[in-house]
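Below is one structure; the comments refer to it alone.
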Amino acid sequence: MARLLADRPADKLTIGDMARQLGHSHGAVRNAALTLVRRGEADQSGTGQPQFRANAKTAAAAQRAVISPPGTHSPRAQAATTRTTYTAAAAPKQTGPIRRAGGQLYHPRELADLPDVEALNRLRDADVPVLLYGPPGTGKTSLVEAAFPDLLTVAGDGDTTVGDLIGDYTQDDAGAYVFQYGPLVTAMTEGRALLIDDATLISPKVLAALYPAMDGRRQIQVKAHKGETIKAEPGFYVVAGHNPGVHGAVLTEALASRFSVQIQIGTDYDLALALRIDARVVRVARHLAQQVELGELGWAPQLRELLSYQKTEAVLGTKAALANLVGIAPVEDRDAVADAVTKAVGIKKIAPLTLGKQLPASAARQPPGSTGSAHRGRPR
């Protein structure tokens, strides 16, 4: 990588440019380029589609071979020019907790006799797009982040535009307008995974811009930028998330047909117990989830809410955490949730966490060791 940049000192090269010349996958080239930048042995410019250029230290870097320590590169830093279709399940590779990019641990679950992260990686290798669906807070995004360290994410909503996917013009520091590539173009040119989160909240007309990249063409046309054609490099992969119960979420036939595999994601209440969340609260959540399945209720705490309960309890105490759990329930389901929590923990009444009356001045918290202003400075 350093040698290629050093041989072309006047050129700014993209990940795609270098991958084609070196014959390596985009993931491997990207990791190597970023490593050179971190070491100060190459310069990077641009954010939509980054470009790399030699600097004063690049030539020296090209003269020595450096072996990066284990864990430096992501699992996608491997040759991806040839796709592999698995005909039989090999031994699972990832069974223990996986640390996501933000530092949080993800605990894999079983999917088709494999750890879920392993199953998603195999589907990626076979170019099989996946749609994950289930209530908010069940871990859809966490699973994708754990499976694909090279992930780019689009958070979808009703205001998402084609420009949010492909790119748009923006003003630079000099006042000139330049085209900034969006996450779809970046994922395509760098061979990365792309998560369309809350995809069913995005207008079907906007999502239509994504479809040519997912079918046999594997390319899109950026009409706003000189009509240029962007081709998907090996490794490019699309996965989407769908929350069926969210207001405004519509799974169109056009969207559903693009995702050959659709996986339901629910909360693993056994995992919640293993994470030492209050067993009484987990039992309540499991019971409420059963009522949701029967159509008797519209909401139940998912793993996200249970983890939030655990953190709140550690800071404010059990009573406040229970009150908050009731308060975050939708208004129409709040009484049922409060009743279930009350019966489980044996507290007579639990209301949403609410501010009370103003505390008297004498009740204000004093610094540790303080005896109050009345006796400050007086011997006792």
Side-chain angles (χ1 to χ4, degrees), residues 1-84 93-94 98-103 117 121 124-125 145-153 167 170 172-174 176 178-195 218 225 228 230-237:
M1 172 70 68
R3 188 172 297 111
L4 171 63
L5 292 173
D7 289 344
R8 299 176 58 176
D11 296 338
K12 293 182 178 180
L13 303 178
T14 66
I15 297 294
D17 294 334
M18 294 184 287
R20 282 188 287 273
Q21 294 192 48
L22 295 172
H24 293 297
S25 72
H26 279 59
V29 169
R30 177 177 178 275
N31 283 332
L34 293 178
T35 297
L36 288 174
V37 171
R38 283 195 298 271
R39 293 172 179 163
E41 297 168 343
D43 295 332
Q44 177 183 350
S45 61
T47 55
Q49 189 172 3
Q51 297 176 317
F52 299 87
R53 187 175 182 176
N55 61 23
K57 297 182 179 180
T58 308
Q63 300 303 314
R64 65 180 187 274
V66 179
I67 300 176
S68 300
T72 300
H73 304 305
S74 73
R76 303 309 303 181
Q78 55 184 330
T81 53
T82 301
R83 289 299 181 189
T84 301
K93 300 176 184 176
Q94 298 166 302
I98 297 172
R99 192 166 298 280
R100 294 153 52 196
V117 290
N121 271 281
R124 180 179 183 177
D125 286 339
E145 289 178 349
F148 308 133
D150 64 341
L151 184 71
L152 293 173
T153 301
T170 186
D172 63 14
D173 294 338
V178 295
F179 193 83
Q180 185 81 16
Y181 289 106
L184 173 58
V185 173
T186 302
M188 293 177 69
T189 55
E190 296 184 7
R192 298 170 67 179
L194 176 68
L195 169 63
R218 289 182 63 80
H225 191 224
E228 70 173 318
I230 303 293
K231 296 183 178 180
E233 297 292 341
F236 170 67
Y237 183 66

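Note that this is a predicted model, so its numbers are computed, not measured.
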Rounded to the nearest 0.5 angstrom, the CG-CZ distance for D43 and F52 is 10.5 Å
Geometric cation-pi criterion R218 and F236, 6.0 Å radius, 45° cone: no
message = Can a donor-acceptor pair be found, under 3.5 Å and without considering hydrogens, that links the side chain of D11 to the backbone of L13?
response = no
Is a side-chain N or O of T14 found less than 3.5 angstrom from the main chain of Q51, in a donor-acceptor match?
no
Value for OH (Y181) from CD1 (I230), rounded to nearest 0.5 Å, stands at 5.0 Å
Practice prompt. Give the ring-plane orientation class for F179 versus H225, where under 30° counts as parallel, over 60° as perpendicular and anything between as tilted.
Written response: parallel
Between D150 and G191 the two heavy atoms that sit nearest each other are OD2-O, 3.9 Å
Check: Is a side-chain donor or acceptor of R3 paired with a backbone partner of A62 at a separation under 3.5 angstrom?
Finding: yes
Correct closest heavy-atom pair for A42 and N55 would be N-ND2, 3.2 Å
Heavy atoms of P149 and A147 approach each other most closely as CD-O, 3.5 Å
query: Does a side-chain heavy-atom distance below 4.5 Å link L5 with M18?
result: yes
Rounded to the nearest 0.5 angstrom, the CD-CG distance for E190 and L152 is 7.0 Å
- Query: Can you find a heavy atom in the side chain of T170 that is under 4.5 Å from one in the side chain of V178?
  - Reply: yes
* Please report the C-alpha distance between F148 and N121 in whole Å, then the side-chain angles of each, then the deciding distance to 0.1 Å, and finally whether the side-chain contact (heavy atoms from CB on, under 4.5 Å) criterion is met. => CA-CA 8 Å; F148 308 133; N121 271 281; 3.8 Å; yes
When every non-hydrogen atom of A146 is compared with those of I98, the smallest separation belongs to O-CG2, 3.9 Å
Closest heavy-atom pair, L151 versus R192, reported as atoms and distance to 0.1 Å, is O-NH2, 3.9 Å
A6 and T58 have their tightest heavy-atom pair at N-CG2, 3.9 Å
